[in-house]
Peer 1: 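Sending over a structure as structure tokens; questions will come in a sec.
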Amino acid sequence: MENRQQLLRLLNLIDGKGYKAYKDLAGVYALGDFTLYLDYIQGDPFASPSRIRVRVGQDKAAWPQDLYSSKIRRVALEDFLARRVARAIAGLGPRRRGTGKSGLITIDSGGQEILPRTAMVVTPEYVEARLSVGLPARGRTISGREAADMLLGDLPRIVEAGLLCRRPHDAEAARHHVAVAEDQEALREQLAPAGLVAFVGNGSILPRRSGVSQLPMPAAQAVPFEAPPSLEVELEAPHAGKVRGMGIPKGITLIVGGGFHGKSTLLRALERGVYNHVPGDGRERVVTVADAVKIRAEDGRRVEKVDISPFINNLPFGQDTTSFSTEDASGSTSQAANIIEALEVGTSLLLLDEDTSATNFMIRDERMQRLVAKEKEPITPFIDRVRQLKEMGVSTIIVVGGSGDYFDVADTVIMMDAYRPRDVTGQAKEIAGQLVTNRREEGGEFGGVHHRVPLRESFNPSRRGKTKIKAHGVDEITFGYEDIDLAYVEQLVDPSQTRAIGDIIRYLAERYCDNRRTLRELINMVLQDIEAKGLDVISPFYGQHPGDYACPRAQEIAAAINRLRTLRVRLK
Ligand code: ADP
Ligand code: MG
């Protein structure tokens, strides 16, 4: 291991040379309080930035052990520290130090969710931050002095402000962050035993600042959530103690109400309730069962041999729907495929919003049934399957403002009224009794879930002989020659999850795909590896830290594979 003097000497030596000479810096340096790992050095000031790590022993960092004594605590402390490092970086002020990315320092610190991520590592021995930096240059000439200021000036300040627990206040702030995450985990775990699929704590702020921001709507404008008395339950959070709020029971729940009264806002909060949120987000006490899946229409997507026959059969010209493939699904076939694929990977709760559903998929009323005979209508609407799903252990929460036919099948009806929920189950049932519809139930048996075996030939991440996997925000992954469109996979919330999924597909294909294992088995094998060895395992880079992954769920990994246009499967 080199020291500060040696790093300075090296920087002096390469000062004024061509940028490539920076490569000589690769190595490990003991810099007083911390160890600096220069793992990967960029080849050019405009290329992707260099990857470095700063590591501080716990003897100096001194984070109390109980803050990382379980998985959820460790994840929350890592999240806390990544954000703290990001603030420390911002606190340095503007740091342009020349051309291209010169002077840039970043850490992948995440959005409103607390996710397992690779930007920070906490162990009983050390804390380690993984940073990207742009080594300074003028033109393409090394600025040794600027580099020294950056590595020996900025970094120690970042370590000091970001990684060390110095005052009692630091430990308290971390403890709060950890407690808020641990409470959410505990609330979520209480759902199933309590017969619930979701919980929305009183006082929660569900609306966001805008359609493009996940920050909470300012308190002055937002109406805090308040449970209707008949649906109010009390759960126990390990830190906050007793927490009251609305419990949504297993079964079939409708969210009704006039336009603009907050229905979709509630559903969107439930969609994201599969994740834990940072303190101050407003959704810290909104939890949904961890395997909940948002279902929507997604016309244009590809579908590969999915058994959509519970929803669609008798297509014109006798197309088989027990193994349905298309390059260009319609609204209803895409929505059917989305449901069947969710069942295949595993889910206990479907979330649907009429705003993003195909009408003919959701309902066919009495009059339409009379006009168009069942023999001429391939679609068995969701309303006729939702109870069978419930019997299979899959609950549904649906936003409907337009069709009262759903009153017949609902167990719980929640009306949003000026952003306040009311339990109108009794009224809805009464109305259903008074205004009996003569619509006939359609469809027979639902049938079982068919598992598919992805074939190896499906996955080719290379383009012109080089591996090409790249995530674009949360909406797209380039995989070899293919672009996987994820714009409608709404529970993919962090670009770093998308990045992880790109590499997970490659990892799963190389390591486990053997033309025998099912999609679900393959995904579970990767997730087990991640659980055992950490999210770093999916990285193809050796000697270069993967500091910008966040962990996705099985559901979103499956969603990406299902949207890969080269996917080929065999039915199990
Ligand atoms: P709906 O689906 O019932 O038509 P939305 O959920 O889309 O209604 O909400 C309509 C508008 O009201 C949105 O702009 C949303 O941000 C806002 N809104 C939703 N819930 C609240 C709330 N609790 N307090 C204040 N504004 C809210
Ligand atoms: Mg809406």
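Just so you know, ligand 1 is whichever comes first in the structure, and atom 1 is the first atom listed for that ligand. These figures come from a predicted structure and were not determined experimentally.
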Peer 1: Any non-hydrogen atom of Gly401 lying under 4.0 Å from ligand 1?
Peer 2: no

Peer 1: In terms of the angle between their ring planes, are Phe311 and Phe446 parallel, tilted or perpendicular, with boundaries placed at 30° and 60°?
Peer 2: perpendicular

Peer 1: Under 4.0 Å from a heavy atom of Gly259: give me the atoms of ligand 1 that qualify, with their elements.
Peer 2: 4 (O)

Peer 1: Taking all heavy atoms of Leu270 and all of Ile248, pick out the closest pair and write down the distance.
Peer 2: CD1-CD1, 3.9 Å

Peer 1: Of all the N, O or S atoms in Asp355, which has the shortest distance to the Mg ion (ligand 2)?
Peer 2: OD2

Peer 1: Report yes or no: do Asn562 and Arg452 form a side-chain donor-acceptor pair below 3.5 Å?
Peer 2: yes

Peer 1: Can you find an N/O atom of His261 closer than 3.5 Å to an N/O atom of ligand 1?
Peer 2: yes

Peer 1: I'd like to check which ligand 1 atoms, numbered from 1 as shown, lie under 4.0 Å from a non-hydrogen atom of Gly258.
Peer 2: 3 (O)

Peer 1: Could you tell me, atom by atom, which parts of ligand 1 come under 4.0 Å of a heavy atom of Gln221?
Peer 2: 25 (C)

Peer 1: Are Gln112 and Asp281 linked by a side-chain donor-acceptor pair shorter than 3.5 Å?
Peer 2: yes

Peer 1: So, 4.0 Å and heavy atoms of Met416: is ligand 1 close enough to count as a contact?
Peer 2: no

Peer 1: When you compare ligand 1 with Gly262, is there at least one nitrogen or oxygen pair between them that comes in under 3.5 angstrom?
Peer 2: yes

Peer 1: Under 2.8 Å from the Mg ion (ligand 2), can any N, O or S atom of Glu354 be found?
Peer 2: no

Peer 1: Check contact between Gly257 and ligand 1, using heavy atoms of the residue and a distance below 4.0 angstrom.
Peer 2: no

Peer 1: Could you tell me, atom by atom, which parts of ligand 1 come under 4.0 Å of a heavy atom of Ala222?
Peer 2: 24 (N), 25 (C)

Peer 1: State whether the shortest distance between N or O atoms of Asp355 and N or O atoms of ligand 1 falls below 3.5 angstrom.
Peer 2: no

Peer 1: Is there an N/O/S atom in Ser264 that lies less than 2.8 Å from the Mg ion (ligand 2)?
Peer 2: yes

Peer 1: Show the atoms of ligand 1 that are less than 4.0 angstrom away from any heavy atom in Met217.
Peer 2: 16 (O), 25 (C), 26 (N)

Peer 1: Using a cut-off of 6.0 Å, state whether more than 12 heavy atoms not belonging to Met392 lie near its atom CE.
Peer 2: yes

